[in-house]
Amino acid sequence: QVQLVESGGGLVQPGGSLRLSCAASGSIFSINAMGWYRQAPGKQRELVAAITKGGSTNYADSVKGRFTISRDNAKNTVYLQMNSLKLEDTAVYYCNADISISPLRAARGYWGQGTQVTVSS
């Protein structure tokens with residue numbers, strides 16, 4: 001019933017930029033934290049950036065100063081602006097959101113389908 005739909009992935013050259021978007025829809029009572037994860041071939045999925053409902057952010061050390069996470073609570077959407085992309089940023093990027101569908105139920109995590117980001121010269 002709850003879905004996260006991602007967009008914005010693609011192929012870029014080193015030093016280029018991409019902006020990822022993820023919109024939550026469905027039977028949503030509230031959304032708490034939202035974030036972006038990524039998984040490169042042969043590696044564990046890792047947290048890239050997270051943002052609370054109030055706008056506090058956290059970033060992986062590897063992306064600090066290059067990536068910016070933001071959200072539009074009115075649109076139930078989270079964004080990831082990626083600048084100065086490097087080869088090692090190549091991965092499938094997944095949107096995640098902590099969502100409650102009822103005031104009577106605890107929130108749980110939902111995942112997007114993933115979008116491929118490839119940085120290559």
Side-chain angles (χ1 to χ4, degrees):
Q1 193 169 19
V2 173
Q3 290 188 337
L4 301 179
V5 180
E6 303 168 349
S7 62
L11 174 65
V12 297
Q13 294 184 343
S17 297
L18 285 174
R19 190 175 84 147
L20 306 183
S21 299
C22 174
S25 63
S27 183
I28 297 172
F29 175 70
S30 65
I31 302 177
N32 302 315
M34 305 182 81
W36 290 94
Y37 292 71
R38 67 186 181 189
Q39 188 165 23
K43 292 188 175 182
Q44 299 265 69
R45 187 174 299 187
E46 64 174 348
L47 177 67
V48 176
I51 184 168
T52 68
K53 186 177 180 68
S56 297
T57 59
N58 285 303
Y59 297 92
D61 288 341
S62 59
V63 308
K64 286 180 180 176
R66 300 188 298 119
F67 291 10
T68 302
I69 189 170
S70 61
R71 65 191 286 173
D72 185 336
N73 290 334
K75 296 181 178 180
N76 290 335
T77 300
V78 63
Y79 307 93
L80 185 68
Q81 179 66 47
M82 304 185 293
N83 298 326
S84 302
L85 284 161
K86 303 175 179 179
L87 296 180
E88 52 263 43
D89 294 320
T90 296
V92 177
Y93 284 70
Y94 297 91
C95 175
N96 177 266
D98 192 44
I99 296 174
S100 174
I101 64 172
S102 167
L104 302 178
R105 299 183 64 180
R108 76 166 184 87
Y110 290 82
W111 291 94
Q113 78 286 352
T115 184
Q116 178 71 47
V117 172
T118 301
V119 184
S120 176
S121 60

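Any value given below was found using the heavy atoms of this structure, including those in side chains, with hydrogens, waters and symmetry copies removed.
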*asked:* Run the side-chain contact (heavy atoms from CB on, under 4.5 Å) test on Tyr79 and Thr68 for me, step by step, so that the C-alpha distance in whole Å, both residues' side-chain angles and the decisive distance to 0.1 Å come before the verdict.
replied: CA-CA 8 Å; Tyr79 307 93; Thr68 302; over 6 Å; no
Does the side chain of [X] reach to within under 4.5 Å of the side chain of [Y], using non-hydrogen atoms?
X	Y	value
Ile31	Arg71	yes
Phe67	Leu85	yes
Arg38	Glu46	yes
Cys22	Glu6	yes
Ser7	Thr115	no
Leu87	Pro14	yes
Ile101	Tyr110	yes
Cys95	Val78	yes

Between atom [atom1] of [X] and atom [atom2] of [Y], what is the distance when rounded to the nearest 0.5 Å?
X	Y	atom1	atom2	result
Ser30	Asp98	OG	CG	8.0 Å
Thr90	Gln116	OG1	CD	7.5 Å
Arg108	Asn32	CZ	CG	13.5 Å
Thr118	Leu18	OG1	CG	9.5 Å

*Over 12 non-hydrogen atoms of neighbours within 6.0 angstrom of CD in Gln3*: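 Not buried by this count: 12 neighbours or fewer within 6.0 Å.
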*Does CD belonging to Glu88 count more than 12 external heavy atoms closer than 6.0 Å?*
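Correct, the count exceeds 12.
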*To which residues is Phe29 joined in a hydrophobic cluster, defined by side-chain heavy-atom contacts under 4.5 Å among Ile, Leu, Val, Met, Phe, Trp and Tyr, whether direct or through other members?*
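Under the 4.5 Å side-chain rule, Phe29 groups with nothing.
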*Taking ILVMFWY side chains as joined if any heavy atoms are under 4.5 angstrom apart, and letting links pass through other members, which residues group with Val92?*
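Once heavy-atom contacts under 4.5 Å are chained together, Val92 belongs with Tyr37, Leu47, Tyr94, Trp111.
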*After noting the C-alpha distance and the side-chain angles of Ser17 and Val12, does the key distance pass the side-chain contact (heavy atoms from CB on, under 4.5 Å) rule?*
CA-CA 7 Å; Ser17 297; Val12 297; over 6 Å; no
*Please answer whether the main-chain N or O of Val2 pairs with a side-chain N or O of Ser27 as donor and acceptor at a distance below 3.5 Å.*
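It does not hold such a pair.
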Distance-minimising heavy-atom pair for [X] and [Y]:
X	Y	value
Leu20	Val117	CD2-CG2, 4.2 Å
Ser84	Arg66	O-NH1, 3.0 Å
Ile99	Ala24	CD1-CB, 4.3 Å

_Check against side-chain contact (heavy atoms from CB on, under 4.5 Å), Leu4 and Gln113_ = CA-CA 8 Å; Leu4 301 179; Gln113 78 286 352; 5.9 Å; no
_For Lys43, salt bridge (Lys or Arg N to Asp or Glu O under 4.0 Å) partners two or more places apart_ =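 For Lys43 there are no salt bridge (Lys or Arg N to Asp or Glu O under 4.0 Å) partners, ignoring immediate neighbours.
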*Could you check Lys75 against Ser21 for side-chain contact (heavy atoms from CB on, under 4.5 Å), going step by step and ending with a plain yes or no?*
CA-CA 11 Å; Lys75 296 181 178 180; Ser21 299; over 6 Å; no
*Do Asp89 and Lys86 meet the salt-bridge criterion of a basic N to acidic O distance under 4.0 Å?*
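No, no charged N to carboxylate O under 4.0 Å.
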